[in-house]
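Chain naming here is simple, since letters A, B, ... match the order of the sequence lines and numbering starts at 1 in each. Please read these numbers as outputs of a predicted model, since none were measured by experiment.
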Amino acid sequence: MIGKDLKGIFFLLFFSLIIAFSYNHFSACGLALSGQWEPSKGVVSARSKTDDVNAAIQINNPEIIQQIVQDKKRIVLDVRPRELYNQGHLPGALSFPLMEFDQKIIQILDSISRQSALLVYCSSVKCTDSHIVAQRLISLGYDNVKVFSGGFGQWQEKGYEIEKYEG
Amino acid sequence: MKLKNMKDKYSPVLCFIIKLVLGITFIYASYHKIADPAGFARILYGYAIFPNFSINFLAITVPFLELVAGFSLIFGLFSRSALLIINALLMGFIFLIGFNLIRGHEFDCGCFVFSSHDKIVSNIFLLIRDILFLLSGIYLLRKIKAQ
C-alpha cells in the first residue's frame, strides 16, 4: 500500500511539474525562474513576462534621492492615493495618483515639458505603481523618468524631512 | 449495533462529500494563482518565510499541484496519493498562516483571490477552515485505506 501511494505521489508530482513549467513557458503571464526579491536591489518583482518593473530606471540609494529633492533636480511625482499624500510626502512632490492617471496627465502634459527630469515614487519596494506610472510617462514621450524604489516608506525610515498637505 | 449499521450506511456518502469538497476547493484555489502567478509570487514573498530563490519555483508549481491533486481526488486516480498531497499542502498552509498570526506578521494568505487588505479575523477563519479540511482529509485517508 505504501509503495503504491509513493508511486502515485511521484507520478502526480512529476505530472504537475511538467504541466506547470509547460504552462509557464507558453503563458503570456509566465514567470522567470527566479525573481527579484532582494529589497536592496530595488522594487521586488517576480519578473513575469508582463512585468512593469524596469531595473534600469530605478534609484535605490535614498541618499541620492535626498540630494535630488534638496537640489530640486527633478520634478517629483507621488503616485500613492491622495489621502496618503496628504498625510505626508517628499518635500516638493506633486500628487499624481495612479488611479487618477488619465485625468492628471492632461495637466502634466500642459505644464511639464517632455524634456523635464521626473522622479516617481510610491509606498515601498513592494509596490509597482511607481513603475507603472513611469512606463506610461515614457510611452508618452517623457524619456528622463526615474523611480525611487524605496518609496515613501524608506524616506520615512531614514528620518528625512516630510512635507504635509496644508489644504 | 444499530449505530454501527448507520455508520456503515452513511460512511460512503460522507466520503464522497469530503472528496468533492476537498477536490473542488483545491481546483478553485488553484485558478486565481494560475491566472496571476506574479500576484501569487508576491503573496509568497509577503509571508516572509520562503527563501528568495524558491519563491518563483513555488509560484509556478504549487497551483498546478493543487489542480492535479484536486482532479485526481475527484476522479479517483491515485486518490490516496492525491489525498496525501492535499493533506501535506493543508499542513503547510496551517503552519504558514498560524506562524504568521503568532508572530503578528501582516500578510495576505492568497488562498482564493488576491486582496490587498486581509484582516486578522479572516486569517483566523482561514486557519480554522484549513484545520477542518485537514481533519476531513485524515478521516478520508483512513476510510480509503479501509476500503
Side-chain angles (χ1 to χ4, degrees), chain A residues 1-53 80-81 83-84 98-99 122-129 131-132 153, chain B residues 26 30 32-73 75-89 106-108 114 116 141-142 144-147:
Chain A
M1 179 72 94
I2 292 169
K4 202 180 164 194
D5 289 346
L6 272 178
K7 268 185 201 167
I9 288 171
F10 281 124
F11 173 78
L12 295 176
L13 284 175
F14 184 69
F15 185 61
S16 302
L17 284 176
I18 297 283
I19 55 168
F21 282 104
S22 305
Y23 177 84
N24 187 63
H25 181 75
F26 293 108
S27 164
C29 56
L31 306 182
L33 291 181
S34 66
Q36 196 303 96
W37 302 111
E38 187 49 62
S40 63
K41 290 182 183 167
V43 172
V44 294
S45 133
R47 288 192 180 131
S48 73
K49 288 174 191 169
T50 54
D51 211 343
D52 296 302
V53 178
R80 299 173 302 151
E83 307 84 70
L84 295 176
L98 171 61
M99 302 298 282
C122 54
S123 300
S124 71
V125 286
K126 290 183 187 173
C127 85
T128 54
D129 291 358
H131 277 280
I132 295 170
Chain B
F26 268 71
S30 72
H32 300 281
K33 297 166 190 164
I34 290 169
D36 182 11
F40 181 48
R42 281 186 165 275
I43 301 256
L44 292 174
Y45 172 75
Y47 274 104
I49 288 177
F50 303 104
N52 291 346
F53 68 85
S54 68
I55 293 175
N56 278 32
F57 177 81
L58 291 171
I60 293 167
T61 57
V62 168
F64 282 94
L65 190 58
E66 288 179 334
L67 183 74
V68 169
F71 271 115
S72 182
L73 182 66
F75 292 107
L77 181 75
F78 299 111
S79 45
R80 265 185 65 84
S81 304
L83 199 52
L84 284 165
I85 290 172
I86 284 173
N87 285 351
L89 286 170
E106 264 186 49
F107 66 102
D108 177 0
F114 306 131
S116 54
L141 197 65
R142 290 181 62 187
I144 293 179
K145 191 178 180 180
Q147 280 167 10

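Remark: A:Cys127 engages A:Cys122 in a disulfide (SG to SG under 2.5 Å) (not counting sequence neighbours). Judged as a ring-ring contact (aromatic ring centres under 6.0 Å, His included), and not counting sequence neighbours, the contacts of B:Phe78 are A:Phe11.
Using a 4.5 Å cut-off between heavy atoms, A:Ser48 touches chain B through its side chain atoms alone. Proximity to chain A (any heavy atom under 4.5 Å) is shown, for B:Ile60, by both the backbone and the side chain. With a 4.5 angstrom heavy-atom cutoff, B:Ser72 touches chain A only via side-chain atoms. Heavy atoms of B:Ala82 lying under 4.5 Å from chain A belong to its backbone as well as its side chain. Proximity to chain B is absent for every atom of A:Gln36, based on heavy atoms less than 4.5 angstrom apart. Of the two parts of B:Ile85, only the side chain, counted from C-beta on, holds a non-hydrogen atom closer than 4.5 Å to a non-hydrogen atom of chain A. Interface remark: B:Leu83 contributes no atoms to any contact with chain A (heavy atom separation under 4.5 Å).
Residue B:Phe50 places its CZ atom among more than 12 non-hydrogen atoms of other residues, nucleotides or ligands, all under 6.0 Å distant.
When each of A:Leu33, A:Thr50, A:Leu31 is scored by its heavy-atom pairs under 4.5 Å with chain B, the top score falls to A:Leu31.
Side-chain polar atoms of A:Asp51 and A:Ser45 form a donor-acceptor pair below 3.5 angstrom.
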